[in-house]
2 protein chains.
Amino acid sequence: MVPVKKLREPDENLVRQKEAAFADFIQRKGLKTTRQRNTIISTFFRLRGHISVEELLNQVKQANPRIGYATVYRTLHLLVESGLVEERRFGDGLARYEGHSDVEHHDHMICLECGEIFEFFNPRLEALQESLAEENNFQIFRHRLELYGACKDKEACQRRKSRSSVAAQAE
Amino acid sequence: MVPVKKLREPDENLVRQKEAAFADFIQRKGLKTTRQRNTIISTFFRLRGHISVEELLNQVKQANPRIGYATVYRTLHLLVESGLVEERRFGDGLARYEGHSDVEHHDHMICLECGEIFEFFNPRLEALQESLAEENNFQIFRHRLELYGACKDKEACQRRKSRSSVAAQAE
DNA sequence: GCCGAAATTGAAAACAGTTTTCGTAATCCA
DNA sequence: TGGATTACGAAAACTGTTTTCAATTTCGGC
């Protein structure tokens, strides 16, 4: 079973690979390669974690301050369409985008104290879901499992259970 | 284990009980009892399922057409605060509200074809989540599990897998 | 290299769902 | 039954996201 892991630095080879895959996608669709899109995707792939549009735009603006929201949104949609990126919503009202990790499918643990998001995958869990669906005459296309709580890595998160921070507006 | 069930008609006694509980809540908070709030909550508790604000407003307007969005939103917030109702978001951008069923906690299967929402609960699933969290040094406060797919009750949902209907914008 | 159709951009407007404002009306305790 | 307090409803404001539109860029063919 694949344990929880904090996301590692994206490695440069993988990033290049993804950029190439996106270029392919763009070409296959008969779309055009533009400076803005390149800036956005290469910025995106070099970030790690679950990026909100605003976070991405901020980074992107460092490379090219003239790029605006619209283009970032549009490019993210393309990334999702290309299959290179997934959109997630964790209940704080923001869409977040995640470049595929090497784990194909995974679920999330979200620390309500520090906001850290961990990925995990467990085949028994998947199997159990399948068999439950089966029993109930339901066919699963996809699912979403999110555990909200406190990570124990940082003692701070265990102490500060006041639910003051991120917890307030989550969900 | 508690199997999937479609929601039954809310029974009149339970509804009365909830209305009373809400009245209590209002009083404890030093708020006022108003005709509008009464209309809204009694309409809400007599509906079943996972109600969107618009659905609720439509129903409410039949009893009193002068009631507007603002009051419905405000009353729903009170219901959530009172603990009698939970807010859910299934990724179509709408908040949905659910009066507690008799199953305290439960997860959801959502049919992407017909939009039907089923509730289920499975202790093994819960236990597995707990042990995964344990292993990974994480403390769960709450979680959310949603299975998206096609219900097999209606043959229509199995046939029509084209992802044309509800599926398109979901997530 | 240059043309021109087609795609893309950025700013701003539009949108959807939700929240807030503000003047008026209803509640309810002394 | 005041009268302070809370609630109401309509409309404006807000947030995150999408669309519009005129101007710009891309790129395959010449």
Side-chain angles (χ1 to χ4, degrees), chain A residues 22-41 43-44 50-58 60-61 63-82 85 87-97 168-171, chain B residues 22-44 50-58 60-61 63-82 85 87-97 166 168-171:
Chain A
F22 185 69
D24 268 19
F25 169 80
I26 288 297
Q27 201 148 342
R28 277 201 311 282
K29 284 213 78 179
L31 303 180
K32 291 174 179 171
T33 306
T34 69
R35 209 171 310 120
Q36 291 89 328
R37 290 220 262 248
N38 286 341
T39 303
I40 292 168
I41 69 153
T43 302
F44 177 82
H50 302 74
I51 318 290
S52 70
V53 175
E54 198 180 353
E55 284 163 3
L56 180 54
L57 181 62
N58 286 342
V60 163
K61 275 195 184 291
N64 178 352
R66 312 212 39 224
I67 294 179
Y69 271 102
T71 305
V72 170
Y73 273 107
R74 288 188 276 231
T75 305
L76 281 169
H77 291 331
L78 287 173
L79 280 168
V80 170
E81 198 187 335
S82 77
V85 164
E87 183 179 318
R88 308 256 178 206
R89 287 170 184 278
F90 295 119
D92 59 356
L94 298 188
R96 292 176 178 281
Y97 296 86
Q169 74 278 21
E171 185 97 9
Chain B
F22 186 70
D24 268 20
F25 170 79
I26 288 297
Q27 201 147 345
R28 276 200 313 281
K29 285 213 77 180
L31 304 180
K32 290 174 181 171
T33 305
T34 70
R35 208 170 310 120
Q36 290 90 328
R37 288 221 263 248
N38 286 341
T39 301
I40 292 167
I41 68 154
S42 83
T43 302
F44 177 81
H50 303 74
I51 318 290
S52 70
V53 175
E54 199 180 352
E55 285 164 2
L56 180 54
L57 181 61
N58 285 342
V60 163
K61 274 195 184 293
N64 179 351
R66 314 211 37 224
I67 294 179
Y69 270 102
T71 305
V72 170
Y73 274 108
R74 287 189 277 231
T75 305
L76 282 169
H77 290 331
L78 287 173
L79 281 167
V80 169
E81 198 188 336
S82 77
V85 164
E87 183 179 318
R88 307 255 178 206
R89 287 172 184 278
F90 295 119
D92 60 355
L94 298 188
R96 292 177 179 278
Y97 295 86
V166 199
Q169 74 278 20
E171 187 96 10

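Lettering of chains follows the sequences in order, A, B, ..., and the numbering in each one begins at 1.
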Open item on the list: Which residues pass the side-chain contact (heavy atoms from CB on, under 4.5 Å) test with A/K32, not counting sequence neighbours?
Closed with: none
Task: Interatomic distance, A/R89 CZ vs C/dA16 C1' [rounded to whole Å] - done: 12 Å
Open item on the list: Classify B/R66 by what it touches in the nucleic acid, base, sugar-phosphate, or nothing, heavy-atom distance under 4.0 Å.
Closed with: sugar-phosphate
Open item on the list: Can you measure B/K61 atom NZ to D/dA10 atom P for me and round it to whole angstrom units?
Closed with: 7 Å
- [ ] Identify, between B/L78 and A/Q36, the residue whose nearest nucleotide on DNA chain D lies closer to the 5' end.
- [x] B/L78
Task: Heavy-atom donor-acceptor pair, B/R96 side-chain to C/dT18 base, under 3.5 Å - done: no
For residues 63-72 of chain A, which side-chain N or O atoms pair as donor and acceptor with protein atoms under 3.5 Å away, sequence neighbours left out?
from  : atom 1 : to    : atom 2 : distance (Å)
A/N64 : OD1    : A/R66 : N      : 3.0

Task: Toward the 5' end of DNA chain C, by each residue's nearest nucleotide, B/L94 or B/Q27 - done: B/L94
Open item on the list: Heavy atoms from C-beta onward define the side chain here; which of D/dT26, D/dG9, D/dT17 lies closest to that of A/V53?
Closed with: D/dT17
Task: B/Q27: partners by side-chain contact (heavy atoms from CB on, under 4.5 Å), with sequence neighbours left out - done: none
Open item on the list: What is the distance, to the nearest angstrom, from the OH atom on B/Y73 to the C1' atom on C/dA16?
Closed with: 9 Å
Open item on the list: Using the rule given for side chain to side chain contact (heavy atoms under 4.5 Å, CB included), can you reason through B/E55 versus B/F44, listing the C-alpha separation, both sets of side-chain angles and the distance that settles it, and then say yes or no?
Closed with: CA-CA 10 Å; B/E55 285 164 2; B/F44 177 81; over 6 Å; no
Open item on the list: Let me confirm one number: the CZ-CZ distance from B/R89 to A/F90, rounded to the nearest 0.5 Å.
Closed with: 15.5 Å
Task: Atom-to-atom span, CD of A/E87 to P of D/dT17 - whole angstrom - done: 8 Å
TODO: Mind calculating the distance between CD (B/E54) and P (C/dG17) to the nearest angstrom?
DONE: 7 Å
- [ ] Please figure out whether B/Y97 or B/T34 has its closest DNA chain C nucleotide nearer the 5' end.
- [x] B/Y97
Task: Atom-to-atom span, CD1 of B/I41 to C1' of D/dA7 - whole angstrom - done: 15 Å
- [ ] Could you tell me the separation between the CG atom of B/D92 and the P atom of D/dG16, rounded to a whole number of Å?
- [x] 19 Å
Open item on the list: Tell me every residue that passes side-chain hydrogen bond (donor to acceptor under 3.5 Å, both in side chains) with A/R96, counting only those two or more places apart in sequence or in another chain.
Closed with: A/D92
Task: Those residues that, when tested against B/K61, pass side-chain contact (heavy atoms from CB on, under 4.5 Å) (two or more places apart) - done: B/L57
Using nucleotides 2-6 of chain D, report all nitrogen or oxygen pairs with the protein that are shorter than 3.5 Å.
from  : atom 1 : to    : atom 2 : distance (Å)
D/dT5 : O2     : B/K32 : NZ     : 2.0
D/dT6 : O4'    : B/K32 : NZ     : 3.0

- [ ] Starting from P on C/dT8, measure out to CG on A/L76 and report it in whole angstrom.
- [x] 15 Å
Open item on the list: Check this one for me: any side-chain N or O of A/T33 less than 4.0 Å away from OP1 or OP2 of D/dC27?
Closed with: yes
TODO: Check whether any side-chain N or O of B/H77 sits under 4.0 Å from OP1 or OP2 of C/dT19, and answer yes or no.
DONE: yes
